[in-house]
Amino acid sequence: MCEVKKEAVTLESGQRCVEKWTLRSKSVSVEILSLGAVITSIKTPDRNGHIADIVLGFDDLDSYLTNPRYFGAVVGRVANRIAKGQFVIEGKVYKLAINNGPNALHGGLKGFDKYVWTSEPVENGVRLNHTSPDGDEGYPGSLHASVTYILEDDTLSVRYCAQTDQTTPINLTNHSYFNLAGQGTPDIYDHEVTISAEAYLPVDDTMIPTGEIRPVENSLFDLRKPILLGPRLKELPGPGFDHNFCLWVPGQPKLERKCARVVHPGTGRVLAVSTTQPGVQFYTSNFLDGSVGGKGGTSYPKHSAFCLETQNWPDAVNQPQFPEALLKPGEEYIHTTRFTFTVA
C-alpha cells in the first residue's frame, strides 16, 4: 500500500496555486508538483537505513517556474532535440523555436514543464493531465497528455498516455537528475553504471544524431557490464555522456525491458530502470556549472548527477530509419517506465 496525500501550495509570486502530491510506501517517498508534473523529491534509505533525497531540485518551489535545467520535469511535446527546429508532415513544413544552439529542445520556449497540469488521485498514486492546443510551440494538433505516477513498495511507475486530433510528433519523458549518494553530493564518479544496450547513436557537434546506429562493442559506450563512472568520463571525449542508447530497433516488439542499473557502493543504494521506450538518453549533467542553487543551500556542479531519460530516439521525426515519432488521430501513445529503488 502507498499513502497518497495532496496539499495546495501558493507560489510566492502569488499568481499560481499548484498542488503538491506526496506518495509514501514503507521504503520510498516521492513528492510531485502539478507544475510541470515535476518530481521534486525521492527519498530512499541506504544500507544502514539512513534516508536521503536522491534527486536534484529546489527548496523554493517558485524556482520550478523557470527551472532552466528541467529538474524532475516532464518534458514535451517532444523531448530531446529536433534538428534545425523543423520537420515535415505530409509535405507541410513545421517550424519550431530554436532554443538549443541551432536546434529545438524539450518542447520549445514554453514546453510541458512550464504548465500547471490538472491532477487527480488514483490508487497508490496520482494522474496529471495537460492539453496542448493546436499550434502550441509550432506543433500541429490538439494533444491531450496524461502522466500517472504509481508507487508500489520500492517501485515508482510512470505511465505516459496521449491522444491527438492531428498527426503530430510526440516524445514524453521525465528529466529527473539522480545522485544515489544524496543530492548535493558534488559528483557521481563513484557510481557504477550498467546500460543494457547493444548500440548507441553518435552525434554531431550540435548533439543531433548522425543517423548511424553504432554497436557499442569495443567502445567507451559499452556499458553492458558495470563500469565505474569517474574513470570512464575521463576517457570519454567531450564533456560526458549525453547520448541515446538503443534498447530496441524498428521491427522489434514494443516490450518492457530492463534498461539500466546504477549502484552507489558507498551507501548501497541501487536504481534499476525498465521501460517500453526504444531508447534511454544517458546524461551526466555536463551542463550544470554550479550557478543554479539547489536544495539546502547546495549548488550543483558539472557531473553532480545523472539522468536516465527513457524516450524515443532524438530527432526521430527527421530520421525515417529511427522508431516512429508520429502520433495519428485515433491512435494512443502509451509508454511505461519503472524506477526501482533497493539496497545492495
Side-chain angles (χ1 to χ4, degrees), residues 75-96 98 100-107 138-141 143 160 162 164 166-173 195-224 237-238 241-260 274-283 307-337:
V75 289
R77 186 178 297 197
V78 175
N80 217 306
R81 295 170 179 88
I82 294 178
K84 299 181 175 57
Q86 65 180 40
F87 56 89
V88 178
I89 297 177
E90 297 171 354
K92 181 177 179 179
V93 178
Y94 293 88
K95 296 192 174 182
L96 313 172
I98 304 299
N100 184 257
N103 305 313
L105 176 72
H106 289 337
Y139 290 98
L143 180 93
Y160 304 90
T164 183
Q166 292 182 49
T167 300
T168 182
I170 183 171
N171 190 21
L172 303 179
T173 193
I195 297 180
S196 304
E198 303 290 326
Y200 76 102
L201 300 181
V203 293
D204 65 18
D205 57 4
T206 72
M207 303 306 296
I208 293 292
T210 63
E212 178 188 3
I213 302 169
R214 184 179 294 176
V216 300
E217 186 79 37
N218 297 321
S219 80
L220 295 173
F221 292 85
D222 190 349
L223 309 181
R224 292 173 296 177
F241 287 102
D242 191 4
H243 296 80
N244 178 83
F245 286 79
C246 306
L247 305 177
W248 51 267
V249 297
Q252 291 182 316
K254 189 185 89 171
L255 303 173
E256 184 172 339
R257 294 171 167 84
K258 294 178 181 179
C259 70
S274 66
T275 188
T276 58
Q277 288 277 19
V280 58
Q281 187 86 2
F282 180 43
Y283 173 55
C307 302
L308 290 165
E309 305 161 59
T310 56
Q311 55 184 271
N312 198 358
W313 302 0
D315 197 38
V317 70
N318 290 316
Q319 307 217 28
Q321 74 277 29
F322 285 7
E324 179 60 65
L326 298 179
L327 180 69
K328 298 178 176 64
E331 296 177 345
E332 187 159 24
Y333 174 93
I334 301 176
H335 279 289
T336 299
T337 295

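For Ile334, the side-chain contact (heavy atoms from CB on, under 4.5 Å) partners two or more places apart in sequence, or in a different chain, are Arg159, Cys161, Glu332. For Phe245, there are no ring pair (Phe, Tyr, Trp, His ring centres under 6.0 Å) partners at least two apart in sequence or on another chain. Qualifying side-chain contact (heavy atoms from CB on, under 4.5 Å) partners for Ala79, counting only residues two or more places apart in sequence or in other chains: Val75, His106, Asn171, Thr173, Gln311. Partners of Thr206 according to the side chain to side chain donor-acceptor pair (under 3.5 Å) rule, which considers only residues two or more places apart in sequence or in another chain, are Asn103, Asp204. Looking at residues two or more places apart in sequence or on another chain, you find a side-chain contact (heavy atoms from CB on, under 4.5 Å) between Ala162 and Leu143, Ala145, Ile170, Leu327, Tyr333. Remark: Arg81 engages Asp242 in a salt bridge (Lys or Arg N to Asp or Glu O under 4.0 Å) (not counting sequence neighbours). Applying the salt bridge (Lys or Arg N to Asp or Glu O under 4.0 Å) criterion to Glu217, with sequence neighbours excluded, gives Arg224. Partners of Glu324 by salt bridge (Lys or Arg N to Asp or Glu O under 4.0 Å), not counting sequence neighbours: none found. In this view, Arg214 and Glu212 satisfy the salt bridge (Lys or Arg N to Asp or Glu O under 4.0 Å) rule, not counting sequence neighbours. Applying the side-chain contact (heavy atoms from CB on, under 4.5 Å) rule to Ala199 yields the partners Ile213, Cys246; only residues at least two apart in sequence or on another chain are considered. Contacts of Ser274 classified as side chain to side chain donor-acceptor pair (under 3.5 Å), with partners at least two apart in sequence or in another chain: Glu256. Applying the ring pair (Phe, Tyr, Trp, His ring centres under 6.0 Å) rule to Tyr200 yields the partners Phe221; only residues at least two apart in sequence or on another chain are considered.
Put simply, the side chain of Pro209 does not reach to within 4.5 Å of the side chain of Asn244, judged on heavy atoms. Using a 4.5 Å heavy-atom cutoff, the side chains of Phe282 and Cys259 are not in contact.
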Verify side-chain contact (heavy atoms from CB on, under 4.5 Å) between Val216 and Leu223, making sure each step is shown before the conclusion. CA-CA 8 Å; Val216 300; Leu223 309 181; over 6 Å; no
Show your reasoning for whether side-chain contact (heavy atoms from CB on, under 4.5 Å) applies to His335 and Thr275. CA-CA 8 Å; His335 279 289; Thr275 188; 5.7 Å; no
Walk me through it: do Val249 and Trp313 pass the test side-chain contact (heavy atoms from CB on, under 4.5 Å)? CA-CA 10 Å; Val249 297; Trp313 302 0; 3.9 Å; yes
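Rounding to the nearest 0.5 Å places CD of Glu331 at 7.5 Å from OG1 of Thr167. For the atom pair CD1 (Ile208) and CG (Asp315), the distance works out to 4.5 Å, reported to the nearest 0.5 Å. One finds the CG atom of Asn312 at 9.5 Å from the CG atom of Asn80 (value rounded to the nearest 0.5 Å). A distance of 8.0 Å separates CG of Asp222 from CD of Glu198, quoted to the nearest 0.5 Å. Taking CD1 of Ile82 as the reference point, atom OH of Tyr139 lies at 3.5 Å (rounded to 0.5 Å).
Pro169 and Val317 make their closest contact through CB-CG2, 4.0 Å (heavy atoms, listed as atom of the first residue, atom of the second, distance). Scanning all heavy atoms of the two residues, the minimum distance from Ser196 to Leu247 falls at O-CD2, 3.9 Å. Heavy-atom minimum distance, Pro140 versus Ile89: CG-CD1, 4.2 Å. The two residues Ala104 and Gly85 have their closest heavy-atom pair at CB-CA, 3.8 Å. Heavy-atom minimum distance, Gly101 versus Ile98: O-CG2, 3.0 Å.
Defined by atom type and a distance below 3.5 Å, a donor-acceptor pair is present between the side-chain atoms of Thr168 and Arg77.
Lys328 NZ: more than 12 foreign heavy atoms inside a 6.0 Å radius.
Remark: side-chain polar atoms of Trp248 are not paired, donor with acceptor, to backbone N or O of Lys254 under 3.5 angstrom.
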